[in-house]
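Since the structure comes first, as structure tokens, the remarks are kept for the end.
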2 protein chains.
Amino acid sequence: MVSDSSSKRLTIYDLARLAETSPSTVSAVLNGTWQRRRISKKLASKILSLAQSEGYSANMQARALRRERSGIIGMILPLYDNRYFSSIAQHFESEARRRGLFAIVSCTNRDPKQECEAARMMLAYRVECLVCTGATDPDTIAQMCAESGVQSLNLDLPGSKAPSVISNNREGARQLTHAILNRLAEEKRSDDPVLFIGGRDGDHNTRERIAGFKQAREEVGLATAEENILPCDYAADKAQAALETYMCKRSTLPSAMFVNSTISLEGIVRGLQLNGYYLDDIIFGCFDWDPLAAAFHPRLMMVRQNVIEMIDRVFELIDTPPQDPHLLIEVQPDIMGV
Amino acid sequence: MVSDSSSKRLTIYDLARLAETSPSTVSAVLNGTWQRRRISKKLASKILSLAQSEGYSANMQARALRRERSGIIGMILPLYDNRYFSSIAQHFESEARRRGLFAIVSCTNRDPKQECEAARMMLAYRVECLVCTGATDPDTIAQMCAESGVQSLNLDLPGSKAPSVISNNREGARQLTHAILNRLAEEKRSDDPVLFIGGRDGDHNTRERIAGFKQAREEVGLATAEENILPCDYAADKAQAALETYMCKRSTLPSAMFVNSTISLEGIVRGLQLNGYYLDDIIFGCFDWDPLAAAFHPRLMMVRQNVIEMIDRVFELIDTPPQDPHLLIEVQPDIMGV
DNA sequence: CGAGCATGCACAATCGGTTGTGCATGGCAT
DNA sequence: ATGCCATGCACAACCGATTGTGCATGCTCG
């Protein structure tokens with residue numbers, strides 16, 4: 001460490017002075033274009049070892065400004081409060097890193113205003129692409145990106161103004177429902193009602209899951225009463241309250257429930273415990289995955305969305321941007337615990 | 001939208017042309033320094049409305065370059081796989097946003113190499129401050145930051161080269177242990193052994209929690225056998241295996257367990273279910289918080305670390321950087337479910 | 001021996017804001 | 001009429017990297 005003690009960071013100009021050469025040469029060496037620029041190997045290695053020993057680190061802002069490429073890729077996410085979104089963030093990050101991109105992730109609490117604000121910030125930082133995960137209003141953001149000439153993609157929930165990668169919710173729900181019905185059949189309780197609870201009515205994924213639920217029942221010759229479908233929002237408290245209300249009208253607990261998320265499951269389980277019900281009697285299917293929950297309940301089947309494949313698809317779309325904004329890629333989730 | 005259809009983003013130069021004024025004036029108006037620069041109100045509002053209608057968004061890279069301040073604040077995190085780290089990320093982000101800073105969070109999988117690499121990237125993006133959460137090697141990163149003249153802080157796990165904000169692990173563990181022992185006493189099983197399981201032996205937090213565990217037992221006149229302390233690492237599989245091994249030597253399950261994290265709890269619960277044990281008989285204390293797990297088990301007490309206060313303390317340290325790198329701030333966690 | 005080419009590097013413009021400084025204009029007091 | 005100050009804005013340097021271009025040197029070949 002020979003550098004002067006001034007607190008300023010080292011620049012290519014400093015390195016040029018130290019190596020007795022020009023800044024442009026230093027730049028070429030440090031960003032790997034030196035062979036193309038016919039810098040001698042000797043000078044190159046001198047500069048490289050100098051950069052090493054002095055702890056040089058390129059100023060990404062300056063680079064981004066000049067290159068007109070930030071090297072940043074953005075994602076907006078509702079929350080980190082479940083395994084699904086957490087692992088989306090994590091895989092997004094590591095896949096970005098693998099490609100030499102820097103990932104920035106912003107939580108927007110399922111709030112359209114925060115979504116917009118986050119998107120605006122990301123565009124200000126000149127992200128090269130923006131992935132909107134589970135956005136309540138994906139099209140507004142897609143519009144903003146389009147106006148800035150930035151590619152955008154939807155993940156988890158589809159939009160109409162940018163290509164989307166989502167789970168095959170209908171098929172996942174169909175399979176989960178069949179798994180539930182099979183369990184019921186094994187126990188000779190095929191005709192018991194199954195309660196579908198959680199999620200948002202207007203939400204694309206919830207609609208699809210309800211459709212898959214009904215379809216599976218139809219396939220084994222069962223009709224589905226509308227009173228057994230309760231899209232009461234995702235929040236734990238909402239689910240708990242909805243179940244209370246449901247139970248007011250009848251004496252006996254449903255033998256099985258299709259719960260639309262782990263956060264809803266939390267409310268359900270809490271409510272049942274509070275009322276002294278024995279949980280293990282109930283067959284649960286949850287469209288979400290949480291290994292700790294799975295460990296606790298012996299008859300809890302869960303849908304694990306294929307996050308790795310979804311993220312892979314996202315990056316494929318980033319590599320070769322499709323022209324059709326309506327493109328919808330559906331990834332098959334796995335059923336755990338059957 | 002009068003702007004030309006060229007895909008290039010609008011700059012202050014474009015706005016200056018449109019408003020028939022100079023770039024410096026546009027800049028002053030847009031960053032709020034126009035009064036100080038005696039720009040007329042009339043011209044200012046003209047420029048502002050133009051910027052609005054044309055959808056101007058400042059290039060943060062250019063701003064950061066000139067101002068020599070990125071407006072970015074970084075955090076490195078082991079994982080997002082539990083509620084604790086997730087909420088740390090979330091609160092960090094919203095608190096940063098409240099202060100006009102842009103938060104970037106990077107997961108490093110408890111891997112010192114990845115930690116370094118992430119820190120290097122963050123420094124390259126000229127973060128104004130770096131918070132190292134649960135870092136396996138916080139001092140190396142603190143060193144890197146110091147060399148770049150960037151402030152750094154440790155969170156969750158302390159370091160010796162930068163101020164640290166952590167939970168009061170010993171006191172939290174002491175209280176949790178007392179809660180466990182009280183439950184045992186209520187059931188007239190005060191003398192039953194309690195198993196401490198999970199965590200890393202070398203890890204500061206684990207050491208403190210073990211100390212708190214022993215101290216609580218001592219306070220009620222109980223000795224602690226070393227064979228009942230199993231810091232087998234955090235991973236679920238490790239905990240599951242450690243419990244198997246422990247059980248090989250004895251016939252009966254411990255009446256109560258102090259589990260060092262939800263991830264360890266996952267392995268324990270899975271192992272017990274596999275072996276057909278009835279979970280509800282066991283009193284669990286877990287040094288971690290997960291509302292879904294809490295809903296499932298009626299006798300699971302959990303330590304909820306006070307993330308909000310911890311993040312507040314972190315930002316206080318950012319606002320007024322202390323000179324002493326050994327400063328250690330301990331925040332009291334809450335015991336849930338007693 | 002001179003043309004021609006390869007080699008090895010330096011110069012300078014540029015990316016888009018920020019900010020110290022300077023200049024023209026007009027009003028007011030002397 | 002002259003000096004002085006406030007007003008309102010423009011100029012230009014600068015942040016640190018990137019990159020098109022140009023120039024000096026040395027070597028080869030006819």
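Within every chain, numbering begins at 1; the chains are lettered A, B, ... in the order of the sequence lines, protein sequences first and strands thereafter. Being a predicted model, the structure only gives us computed values, none of them experimental.
More than 12 heavy-atom neighbours from other residues, nucleotides or ligands sit within 6.0 angstrom of CG on B:L328.
Applying the 4.0 Å criterion to OP1 and OP2 of D:dT18, one finds that A:R63 has a side-chain N or O inside that range. Taking side-chain N and O atoms only, B:N31 has no distance below 4.0 Å to OP1 or OP2 of C:dG17. For the pair A:S22 and C:dA10, the criterion of a side-chain N or O lying under 4.0 Å from OP1 or OP2 is met. Residue A:R66 has no polar side-chain atom (N or O) positioned under 4.0 Å from OP1 or OP2 of C:dT14. At D:dT18, none of the side-chain N or O atoms of A:T33 fall inside 4.0 Å of OP1 or OP2 (strictly under the cut-off). For A:Y56, a side-chain nitrogen or oxygen approaches OP1 or OP2 of D:dA17 to under 4.0 Å. At the phosphate of D:dA17, neither OP1 nor OP2 sits under 4.0 Å from any side-chain N or O atom of A:S27. Within the structure, a side-chain polar atom (N or O) of B:S40 is placed less than 4.0 Å from OP1 or OP2 of D:dC9.
As a whole-Å value, the separation of B:R37 CZ from D:dA12 C1' is 12 Å. Atom CZ of A:R36 and atom P of D:dT21 are 14 Å apart (whole Å). Rounded to whole Å, the distance from CZ on A:R69 to C1' on D:dG16 is 19 Å. If you measure from atom CG of A:N59 to atom P of D:dG16, you get 7 Å, rounded to the nearest angstrom. Atoms CD1 (B:I39) and C1' (D:dC11) sit 13 Å apart, rounded to a whole Å. Atom C1' of nucleotide D:dT19 and atom CZ of A:R67 are separated by 11 Å, given to the nearest angstrom. For the pair B:R38 CZ and D:dC5 P, the computed distance is 13 Å after rounding to whole Å. Residue A:W34 contributes atom CH2, which lies 18 Å from atom C1' of D:dT19 at whole-angstrom precision.
For B:F315 and B:F92, the ring centers are positioned less than 6.0 Å apart. Aromatic pair B:F85/B:Y80: ring centres not closer than 6.0 Å.
With A:L130 as the partner, the side-chain contact (heavy atoms from CB on, under 4.5 Å) test is satisfied by one option alone out of A:I72, A:I73, A:I76: A:I76.
You'll find that the side chain of B:S24 is closest to D:dC11, out of D:dC11, D:dC9, C:dT14. Of the candidate nucleotides C:dG17, C:dA10, D:dG16, C:dA10 has the atom nearest to the side chain of A:T21. The listed nucleotides are D:dC15, C:dG16, C:dC9; the one nearest the side chain of A:E68 is C:dG16. Listed nucleotides: C:dT18, D:dA17, C:dC9. Nearest to the side chain of A:L43: C:dC9.
Smallest separation of non-hydrogen atoms from A:M75 and A:M122: O-CE, 3.6 Å.
Counting only distance, with no hydrogens or angles, the side chain of A:D156 and the backbone of A:I166 share no donor-acceptor pair below 3.5 Å.
Backbone-only contact: A:A58 has heavy atoms under 4.0 Å from sugar-phosphate atoms and none from a base.
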